[in-house]
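Here's the structure we're looking at; comments come further down.
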Amino acid sequence: MPPSFSKAITRPPCEEFRNGLTSAEWGPPDLELALTQHFAYKKALFDLDLEVHDLDPDSDHPDSTFVEDTAVVTPEVAVIMRPGADSRLQEAENISPVLERFRPVERIIPDGRIDGGDVLQADDIFYIGLSDRTDVEGASQLSSILETHGYHCHTVRIEGCLHLKSAVNYLGNDIMIVDERYGNLPFLDKYRLVIVPCGESYAANSLLVNGIVLVPTGFPETSENIEKAGLDILMLEMSEFMKMDGGLSCLSLRF
Ligand code: CIR
């Protein structure tokens, strides 16, 4: 069964947003437009019956709008990450008091490094990407915590993209959406695949929320492939977040 979420935590992009980390070459983001897109994102979650807890912008941390990287939340526990980029470590500490309102909190400790963007949940299985941001120690600490709550965890080495969820996401009912360049990852064997063609890689970070797949605007083949798999979609403009390497999943913690 696809997860059913009742809450989301978000944080608007801050004044320093354009100074965040990025590998993209589309120029600096327009903050006003990013705020408009962020508002539409929150409205979409609200319309899908999530209670949206929107935090204050945090100008000390340019990447702080990408809250997904700071924690992994299940019905039983919230695990505070230790992001792989030094400039983002404090973001995870800052999310901890917020999550304490909703869940018992556990945390990844030094020297582990792990970003929430590398943590892909498919029902009771977690696939954890070993990437430039997530190391074996971070993945192993998270696995130990999740396994005590009955989940199964597997690591997946991923190269050539920021996070595992930059390339693969779970759409429920044993369907994975995957950037075609990563379609041969062995763990995908047990799933039906929705393929994202090469020129549309960014849309591999489409996001299932309460039965609807949020898809970034401007990726027609991917949208069509998702609909062909029998899923309903909602398109959202993401141009300003794409400039900072962030996708739809990165903009919220959902639980
Ligand atoms: C970073 O490089 O950390 C941010 N500019 C983008 C983070 C995107 N997060 C995600 O994919 N979960």
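Atoms within a ligand are numbered from 1 in the order they appear, just like the ligands themselves.
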> Hydrophobic cluster mates of F39, side-chain heavy atoms under 4.5 angstrom, ILVMFWY only, any path?
Replying inline: none
>> Ignoring hydrogens, what is the shortest heavy-atom contact between I177 and A204? Give both atom names and the distance.
In response: CG2-O, 3.8 Å
>> Strictly under 4.0 angstrom, heavy-atom based: which residues surround ligand 1?
In response: L21, D63, F66, E68, D69, R88, G117, R133, L162, H163, M244, D245, G246, C250
> Between N205 and S249, is there a donor-acceptor pair closer than 3.5 Å when you use the side chain of the first and the backbone of the second?
Replying inline: yes
>> Under 4.5 Å side-chain heavy-atom separation, chaining through any Ile, Leu, Val, Met, Phe, Trp or Tyr, what else clusters with V136? Say none if it is isolated.
In response: L130
> Do any N or O atoms from the side chain of T22 and from the backbone of A24 form a donor-acceptor pair under 3.5 angstrom?
Replying inline: yes
>> Tell me every residue that passes salt bridge (Lys or Arg N to Asp or Glu O under 4.0 Å) with E224, counting only those two or more places apart in sequence or in another chain.
In response: K228
